[in-house]
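In the text below, chain A, chain B and the rest are named by the order of the sequence lines, each starting its count at 1. The structure presented is a predicted model; accordingly, all values stated were derived computationally and were not measured.
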Amino acid sequence: MTDNLVIVESPAKAKTIEKFLGKDYTVVSSFGHIRDLVRNNLGVEVENNFAPVYEIPEDKKKVVAELRKLADKATTVWIASDEDREGEAIAWHLISVLGLDPGTTRRIVFHEITKDAITRAVESPRQVDMNLVNAQQARRILDRLVGFELSPVLWKKVQPSLSAGRVQSVAVRLLVDREREIIGFIADSALRVTGTFSGTNSEGTDVQLKAECPKKFSTEGEARSFLEKCDASSFTVENIIVKPGTRSPAPPFTTSTLQQEAYRKLGFSVAQTMSVAQKLYEAGKITYMRTDSTNLSTLALNTAREVITNEYGAGYSRTRQFKTHSRGAQEAHEAIRPTYFDRKEVTGNNNEKKLYELIWRRAIASQMADARVEKTTINIGMSASPVSFTATGEVVLFDGFLKVYTESFDINAAEDEKAILPRVDKGMKLIPGTITALQRFTSPPPRYTEASLVKKLEELGIGRPSTYAPIISTIQSRGYVAREDRPGEKRTLAQLTLTKGKITRSEKTEIAGKEKSKLFPKDIGMIVNDFLIANFPDILDYNFTADVEKEFDEIASGEVKWEKMISTFYGPFRKTVDESLATRAKMTGARQLGTDPATGLPVAAKMSRFGPVVQLGEASGEQKPRFANLRRDQLLETITLEEALALFALPRAVGTFEDSEMTVGVGKFGPYVKHAGKFYSLKRGVDDPYTITGERAIDLIREKREGDKQKVISELGDIMVLNGRYGPYIMHDKTNYRIPKGTDPHKLTREECLAIIEKGTKTKSTRGRKKK
DNA sequence: CAGTGAGCGAGCTTCCGCTTGACTT
């Protein structure tokens, strides 16, 4: 039995701390919150001054029972949950659920897991700060009220099972607003002139350089007359400006910046980044991965300095502490960094190695010297025009932190290529080689990626490190947005080239609007967004969270009572909820598109029970209307009459094969060929149901038959041994059974199969299981 | 495994922030 029981939030943390504290202390984990508002109703007694109704969730009962047992035996309980609003609330819930004496229970905090920090914490225990706890309760209750009052309005006015909330609804709004900017964007174009020049410098060396004309020409005619002037011009180096500059490293990672860089450099999704980071954390290789702080412990700063000095020399070391500037940061932890800086690499799978190296580089670079660069701008004047060309280049004089890390950015990196310029002299004559004027289009604002949406949310102070990944997944699982690709469209660019006194016109092509793994708002997301903005503009305001955070801070500092804050918010809010329930019509996003010239029937687009559709004819008409689903890349908001009419082309007949008709359609699982009562899926990204030929359809049928043959390992009467996605398995009576390890599936006899079935090592089917 | 699209009414859905595992046809 131990005298001292220490409770922390995370089990990995518990393991580390136990080592620091020694034999007299038992360190255990609460696995986060142990109590929450009841799950299946409002959980707030509005009439009773908003009293919260708490329960211990099913999956936490075991943890709580264990903690109770240990707490009863211990003489002193130390609660070491994080030092932030949520951590304080966890401490209070623990005291109340475990029946601890608030007077003798010791609340301790540390921001870093180092022996020093923990020893200091143990030396200065305090009591639970009830103001901070109340700020958390206000946050929790506000979120519950908003979520559980708004969502039912959507069930009645839009569709069942939808959701709304302080965080998710604003995340969707960002995407919808951006999409509308893109829809409304009209690309402008101008011709940009670049040229190559050569000459001989004062050292007698022949040099070549590329320069750009800062003036853009809106028409081909203007560009042509400029090229004519170039042809009649002589060129001279007019000015050389050399400017020294420095570049500084980025701070070590927080959750949000880790997610952004892992996406840009490694192509990880936000969820993937977190799960790989979790593995590294559990293995003790990195510090905690859910943090908003860029702070490093003194120990970390010192070891980083040692490693940098040993590896690169003292001149590369520069110890620095970064200030966290993100809105609403609570800084309960350190920045994300390697636990041991002297480990440049770790064992583990490929993703773990890659992410670790990224974290190592970023953290080490943050403790390294600035890079010194020299930026050079050369102005090239021309005799026949006041316009001049400029060549820019950058030379790194001292690489500093660039030796280990360069931050990536979302903007097109090819735009500002940094060339090394040759030595030229003022007054030097230059002879033009080729001068080209190429048409360039302006681009619409970029669509969000998962990571850039997290960045934006963090800037607005919306969401927390522990919720960024879940937010991204919630708005996708509700169908509000989807991560998709777009092939883009070909676009023609005009090009004028001046060589040897002759101007020739040619055309180039580029792909515009190509997208890879971007977040696209879907129709239901846009409809819900518009409904919420029309009825609850305050909550959908980008500053709503920042505003209520200020009030939570006032509760935390004891200036305001939490019940007062909630009641001030709830009164008007509840009134708006009731009004919109009473007065608003159901929202379907319906649009009249025109009349079908073939039948004279009206064509409309709207949200149906099962998704966005176009409709030909009316329900009140003589004939039942025809329906067709929109394609994934179409929106109710932008679909045209022509596009709608094309959708009615399916299902279509594509010929006969083995005396049976083949028809192509789009079903529950995507486009298919139907033949003799069987279905064959079209290849995604290859086949298009609107244009696929009969020949290709026959190919698909044959291919599928061939594949099915290989799936069967053996047939033993009514028992089949099959090859599946997760290896071989046995199928009998529509149930699948796992084959024990070390068994050769090819040699299985019927008797052996029956024995396996008898044992009942069933694989649980996910089919028919209810979603949680 | 390859639909549906109306309307009625029962009973269900839903929030945000702390934490980990469980889980594969």
Subject >> Distance-only polar pair, side chains of E112(A) and H333(A), donor-acceptor under 3.5 Å >> reply: no

**OP:** Report which part of the nucleic acid G165(A) touches: base, sugar-phosphate, or nothing (heavy-atom distance under 4.0 Å, all strands).
**Re:** sugar-phosphate

**OP:** Look at the side chain of S151(A) and decide which nucleotide, out of dC18(B), dG3(B), dT14(B), has an atom nearest to it.
**Re:** dT14(B)

Original post:
Just checking P152(A): base, sugar-phosphate only, or nothing, at a heavy-atom cut-off of under 4.0 Å?
Top reply: base

**OP:** Could you check which of dG5(B), dT19(B), dG17(B) has an atom nearest any side-chain atom of S608(A)?
**Re:** dG5(B)

Original post:
Does any donor atom in the side chain of E450(A) or Y468(A) lie under 3.5 Å from an acceptor atom in the other side chain?
Top reply: no

Original post:
Can you find a pair of side-chain heavy atoms, one from L636(A) and one from M607(A), that are under 4.5 Å apart?
Top reply: yes

Subject >> Selection from dC15(B), dC16(B), dC18(B) that lies nearest to any side-chain heavy atom of F148(A) >> reply: dC15(B)

Original post:
Rounded to the Å, how far apart are R626(A) CZ and dG5(B) P?
Top reply: 15 Å

**OP:** Would you mind reading off the distance between D523(A) atom CG and dG5(B) atom P, rounded to a whole angstrom?
**Re:** 20 Å

**OP:** To the nearest 0.5 Å, tell me how far I566(A) CD1 sits from R144(A) CZ.
**Re:** 13.0 Å

**OP:** Identify whether any heavy atom of Y468(A) sits under 4.0 Å from a base atom; if not, whether one sits that close to sugar-phosphate; answer base, sugar-phosphate or nothing.
**Re:** nothing

**OP:** Report which part of the nucleic acid V613(A) touches: base, sugar-phosphate, or nothing (heavy-atom distance under 4.0 Å, all strands).
**Re:** base

**OP:** Please state how far atom CD in E549(A) lies from atom C1' in dG17(B), giving the value in whole angstrom units.
**Re:** 12 Å

**OP:** Answer yes or no: does a side-chain N or O of R290(A) lie under 4.0 Å from OP1 or OP2 of dT20(B)?
**Re:** yes

Original post:
When we call it a touch if two heavy atoms are under 4.0 Å apart, what does R166(A) touch: a base, just sugar-phosphate, or nothing?
Top reply: sugar-phosphate

Subject >> Interatomic distance where NZ belongs to K156(A) and P belongs to dC12(B) [whole Å] >> reply: 14 Å

Original post:
With respect to the phosphate group of dT19(B), does any side-chain polar atom (N or O) of S29(A) fall under 4.0 Å of OP1 or OP2?
Top reply: no

Subject >> 5'-most by nearest nucleotide on DNA chain B - F627(A) or R39(A) >> reply: F627(A)

**OP:** Look at the side chain of D59(A) and the base of dG21(B), then say whether one donor and one acceptor between them are separated by less than 3.5 Å.
**Re:** no

Original post:
Are OP1 or OP2 of dT19(B) and a side-chain N or O of S10(A) less than 4.0 angstrom apart?
Top reply: no

Original post:
When you check the side-chain N and O atoms of S10(A) and Y281(A), is any donor under 3.5 Å from an acceptor?
Top reply: yes

Subject >> DNA chain B: 5'-proximal contact among R478(A) and Y288(A) (nearest heavy atom) >> reply: R478(A)

**OP:** Would you mind classifying the nucleic acid contact of G670(A) as base, sugar-phosphate or nothing, using non-hydrogen atoms under 4.0 angstrom?
**Re:** base

Subject >> d(NZ, K586(A); C1', dG5(B)) in whole Å >> reply: 12 Å

**OP:** Classify the nucleic acid contact of Q278(A) as base, sugar-phosphate or nothing, counting any heavy atom under 4.0 Å across all strands shown.
**Re:** sugar-phosphate

**OP:** Tell me, please, whether F544(A) has R166(A) positioned over its six-membered ring: NZ or CZ under 6.0 Å from the ring centre and within 45 degrees of its axis?
**Re:** no

**OP:** Fill in the dot-bracket string of DNA chain B, one character per base: . for unpaired, | for a pair to another strand, ( ) or [ ] for pairs within the strand, taking Watson-Crick or G-U pairs under 3.5 Å.
**Re:** .........................

**OP:** Please determine, for the side chain of P11(A), which listed nucleotide (dT13(B), dT19(B), dC16(B)) has the closest atom?
**Re:** dT19(B)

**OP:** Report the distance from atom NZ of K606(A) to atom C1' of dT4(B), rounded to the nearest whole Å.
**Re:** 12 Å

Subject >> Phosphate contact (dC16(B) OP1 or OP2) by R85(A) side-chain N/O below 4.0 Å >> reply: no

**OP:** Answer with yes or no whether the side chains of E643(A) and Q634(A) bring together a donor and an acceptor at under 3.5 Å.
**Re:** no

Original post:
Reckon R464(A) touches a base, only the sugar-phosphate, or nothing at all at heavy-atom distances under 4.0 Å?
Top reply: sugar-phosphate

Original post:
Taking only N and O in the side chain of Q615(A), is any of them less than 4.0 Å away from OP1 or OP2 of dG5(B)?
Top reply: no

Original post:
Between the side chains of R652(A) and T663(A), is a donor N or O closer than 3.5 angstrom to an acceptor N or O?
Top reply: no

Original post:
If you check the F669(A) side chain, which of dG5(B), dG17(B), dC1(B) turns out closest?
Top reply: dC1(B)

**OP:** Would you mind reading off the distance between L37(A) atom CG and dC16(B) atom P, rounded to a whole angstrom?
**Re:** 13 Å

**OP:** Indicate whether Y672(A) forms a stack on dA2(B); treat it as stacked only if centroid distance is below 5.5 angstrom and interplanar angle below 30 degrees.
**Re:** no

**OP:** Give A12(A) one of three labels, base, sugar-phosphate or nothing, depending on what nucleic acid heavy atoms sit under 4.0 Å from its own.
**Re:** nothing

Original post:
Looking at dT19(B), dG17(B), dT20(B), which one has an atom nearest to any side-chain atom of D82(A)?
Top reply: dT19(B)

**OP:** Please report, rounded to the nearest Å, how far the P atom of dT20(B) is from the NZ atom of K60(A).
**Re:** 10 Å

**OP:** Measure distances between side-chain N and O atoms of T467(A) and base N and O atoms of dG17(B), and say whether any donor-acceptor pair falls under 3.5 Å.
**Re:** no

Original post:
Nearest to the side chain of Q168(A), which nucleotide is it out of dA2(B), dC15(B), dG17(B)?
Top reply: dC15(B)

Subject >> Under 4.0 angstrom between S466(A) side-chain N/O and dC18(B) OP1 or OP2 >> reply: yes

**OP:** Answer with base, sugar-phosphate or nothing: what part of the nucleic acid does N40(A) contact at a heavy-atom distance below 4.0 Å?
**Re:** base

Subject >> Check: R478(A)/S163(A) side-chain N/O donor and acceptor closer than 3.5 Å >> reply: yes

Original post:
Across the strands shown, which category fits Y680(A) at heavy-atom distances under 4.0 angstrom: base, sugar-phosphate, nothing?
Top reply: nothing

Subject >> Residue-phosphate contact under 4.0 Å: R140(A) side-chain N/O, dC18(B) OP1/OP2 >> reply: no

Subject >> Below 4.0 Å: OP1/OP2 of dT13(B) and any side-chain N or O of S161(A) >> reply: no

Original post:
Looking at side-chain heavy atoms only, is the closest gap between L174(A) and L457(A) below 4.5 Å?
Top reply: yes

**OP:** Check the geometry between F31(A) and dT19(B) and answer yes if their rings are stacked (centres below 5.5 Å, planes below 30°), otherwise no.
**Re:** no

Subject >> Sugar-phosphate only, base, or nothing, as touched by S30(A) at under 4.0 Å among non-hydrogen atoms >> reply: nothing

Original post:
Quick one: do the R35(A) and S96(A) side chains pair a donor with an acceptor below 3.5 Å?
Top reply: yes

Original post:
How would you label the contact of R35(A) with the nucleic acid (heavy atoms, under 4.0 Å): base, sugar-phosphate, or nothing?
Top reply: nothing

Original post:
Across the strands shown, which category fits L162(A) at heavy-atom distances under 4.0 angstrom: base, sugar-phosphate, nothing?
Top reply: sugar-phosphate

